[in-house]
Amino acid sequence: MCGTNMPLVTVMVPVYNVEKYLERCLDSIVNQTYRNLEIILVNDGSTDRSEEICRRYKERDSRVFLYSQENQGQAVARNVCLDHAHGKYLVFVDSDDYLSLSFIEILLRALFEKDVSLSVCDYDCPGAEDGEIATIYPGKQIPWRMMSRDDVYNTLNSRHGSLRFEALWGKIYRKEIFEGIRFPSGKSAEDTFAYPKIYHQVEKICCTDLKLYHYVQSQNSVLRKNGIVDRPNLDYAEADFELLAYFSEHGKKRHVRTAASRVIRDVINWYDHLGMSKREVCGHIKEAEEKIFSMTGKRFLTSRLIIYKLSPNLYRFTKRTWKLIRARKYK
């Protein structure tokens, strides 16, 4: 995919205190095999050397544009990126992650060849200190498969599949998908809030199992604190309520139970994380159940709820065990 008439692709990177990983991330973008790029960096009030690194890349490469603001969170930084994007196609990259050098070329080719608005690759999870930027292109036909909106929703019960399709990264979008879509200020689950709105805009998705995106689970990631993965956050319950509302409104009965189960999971994890008593947590669970009932007309009994009501200690043990199993599986 060479030539002067190739469409502009905007790559958007919110940046906050990632000096340790930022150069690898930006190297993987500026050295893409597809060259017609607009690279938007939004420094969200970093207190380390991140802004200095961004400025250095801006001076070196005329395709790089830098915007700086006081710290307002990743959702606002992403909105700033969208507001300044001129490309016909959009790519989101988290600033501690990095791309295979053929990421844009491969995914953009799929949009053209399959005539879709969204193409998705798979990802891997290299260690924070590991990973080499490389070109993944086997020199033969790329294995693609077409997925429907419901196929995507069916991945919600899968840890790996759910993250793959819910996360903003690992994809190329036609810009029109984001007309009228912005991320909620102050929310840490901005991907999940936008998830149903994004997929509502597309009927078919082109997907490859090539691991072209490298998701680095760094110590200071938004989802981590002191290296602990999946830190509880009530924003996720709020986002999953929106997902539940979407499924209910559009008659997606098969997926309503999954969304309700996610709400209950998030509520238990958050209030248990705060150290509340079992009685207090169960009170918040009841409030969530009543809201779910008002939205769906149904009550859902999940395995997580049963285990927690039986024994909070057993619930915590089970949760820790599943985390270890998942960490080993996707290491």
Side-chain angles (χ1 to χ4, degrees), residues 12 14 72-83 90 92 94 117-118 120 147-159 161-171 173 176-203 205 222-223 230-271 273 284-302 304-305:
M12 300 171 288
Q72 299 180 63
Q74 187 162 255
V76 172
R78 291 198 197 278
N79 289 337
V80 172
C81 288
L82 285 170
D83 291 342
L90 304 178
F92 293 91
D94 285 356
S117 299
L118 172 60
V120 183
M147 297 179 65
S148 68
R149 197 180 297 137
D150 277 347
D151 290 334
V152 171
Y153 296 151
N154 285 334
T155 70
L156 286 173
N157 282 322
S158 162
R159 174 67 171 85
S162 178
L163 180 58
R164 178 180 179 182
F165 290 101
E166 284 188 60
L168 290 165
W169 46 255
K171 304 165 183 65
Y173 309 81
E176 301 85 70
I177 290 175
F178 283 89
E179 290 181 2
I181 296 179
R182 289 297 183 269
F183 304 106
S185 175
K187 301 296 182 182
S188 59
E190 74 275 8
D191 304 59
T192 310
F193 278 99
Y195 170 76
K197 299 174 184 176
I198 291 171
Y199 285 102
H200 188 67
Q201 304 296 319
V202 298
E203 293 186 1
I205 298 99
V222 171
L223 297 182
D230 294 334
R231 190 176 62 207
N233 193 314
L234 205 57
D235 287 350
Y236 288 94
E238 185 178 342
D240 284 330
F241 268 123
E242 291 203 7
L243 190 62
L244 177 62
Y246 173 82
F247 288 149
S248 299
E249 180 182 349
H250 291 88
K252 304 290 184 182
K253 295 180 180 179
R254 291 169 51 196
H255 307 299
V256 165
R257 171 174 286 277
T258 298
S261 177
R262 285 166 53 126
V263 169
I264 293 171
R265 172 203 66 191
D266 296 333
V267 169
I268 294 175
N269 287 347
W270 172 246
Y271 289 108
H273 170 74
H284 289 289
I285 294 171
K286 184 173 179 60
E287 290 177 5
E289 288 180 310
E290 291 303 320
K291 187 173 180 179
I292 291 171
F293 181 76
S294 70
M295 295 170 68
T296 66
K298 295 183 179 180
R299 299 190 183 278
F300 299 92
L301 188 63
T302 71
R304 291 175 183 272
L305 184 55

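- Looking at every heavy atom in both residues, Ala75 comes nearest to Lys187 through CB-O, 3.9 Å.
- Among residues two or more places apart in sequence or in another chain, the side chain to side chain donor-acceptor pair (under 3.5 Å) test is passed with Ser185 by none.
- Taking CZ of Arg164 as the start and OG1 of Thr155 as the end, the distance is 9.0 Å to the nearest 0.5 Å.
- You'll find the side chain of Ile205 reaches within 4.5 Å of the side chain of Tyr199, heavy atoms only.
- With sequence neighbours excluded, the residues that form a side chain to side chain contact (heavy atoms under 4.5 Å, CB included) with Leu234 are Ala237, Trp270, Tyr271.
- Partners of Glu287 according to the side chain to side chain donor-acceptor pair (under 3.5 Å) rule, which considers only residues two or more places apart in sequence or in another chain, do not exist here.
- Side chains of Ile264 and Ile292 form a contact here, defined as non-hydrogen atoms less than 4.5 Å apart.
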Report the C-alpha separation of Phe300 and Thr258 in whole Å, then their side-chain angles, then the decisive distance to 0.1 Å, and conclude whether the side chain to side chain contact (heavy atoms under 4.5 Å, CB included) test is met.
CA-CA 10 Å; Phe300 299 92; Thr258 298; over 6 Å; no
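- Listed by chain and residue number, nothing satisfies the salt bridge (charged side-chain N to carboxylate O under 4.0 Å, His left out) test with Glu242 (two or more places apart in sequence, or in another chain).
- Annotation: the span from Ile285 atom CD1 to Glu289 atom CD amounts to 7.0 Å, rounded to 0.5 Å.
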Show me the side-chain donor-acceptor pairs of residues 176-183 shorter than 3.5 Å, one per line, residues at least two apart or across chains.
{"from": "Arg182", "atom 1": "NE", "to": "Asp83", "atom 2": "OD1", "distance (Å)": "3.1"}
{"from": "Arg182", "atom 1": "NH1", "to": "Phe178", "atom 2": "O", "distance (Å)": "3.2"}
{"from": "Arg182", "atom 1": "NH2", "to": "Asp83", "atom 2": "OD1", "distance (Å)": "3.2"}

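- Legend: residues meeting salt bridge (charged side-chain N to carboxylate O under 4.0 Å, His left out) with Asp266, ordered by chain and number and at least two apart, are absent.
- Here NE2 of His200 is found 14.0 Å from OH of Tyr195. Values are rounded to the nearest 0.5 Å.
- To the nearest 0.5 angstrom, Leu168 atom CG is 8.5 Å from Gln74 atom CD.
- Proximity of Asp151 to Phe165: side-chain heavy atoms (C-beta onward) are nowhere separated by under 4.5 Å.
- Among Leu301, Asp240, Thr302, the one residue that satisfies the side-chain contact (heavy atoms from CB on, under 4.5 Å) test with Ser261 is Thr302.
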Identify all side-chain donor-acceptor contacts of residues 249-257 below 3.5 Å with residues at least two apart in sequence or on another chain.
{"from": "His250", "atom 1": "ND1", "to": "Tyr246", "atom 2": "O", "distance (Å)": "3.0"}
{"from": "Lys252", "atom 1": "NZ", "to": "Asp150", "atom 2": "OD1", "distance (Å)": "3.2"}
{"from": "Arg254", "atom 1": "NH2", "to": "Asn154", "atom 2": "OD1", "distance (Å)": "3.1"}

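- Scanning for side chain to side chain contact (heavy atoms under 4.5 Å, CB included) contacts around Glu290 gives Lys286, Arg299, with sequence neighbours left out.
- The heavy-atom pair separating Asp191 from Arg78 by the smallest distance is OD1-NH2, 4.3 Å.
- A distance of 14.5 Å separates OG of Ser117 from NZ of Lys171, quoted to the nearest 0.5 Å.
- Residues forming a ring-ring contact (aromatic ring centres under 6.0 Å, His included) with Phe241 (at least two apart in sequence, or on another chain): none.
- Looking at Ser294, its side chain does come within 3.5 Å of a backbone N or O of Lys291 through a donor-acceptor pair.
- Scanning both residues, Ala260 and Leu244, for their nearest heavy atoms gives N-CD1, 4.1 Å.
- The side chain to side chain contact (heavy atoms under 4.5 Å, CB included) search around Ala189 returns Thr192, Phe193, Asp235, Tyr236, Ala239, not counting sequence neighbours.
- A search for side chain to side chain contact (heavy atoms under 4.5 Å, CB included) contacts involving Glu203 returns Arg149, not counting sequence neighbours.
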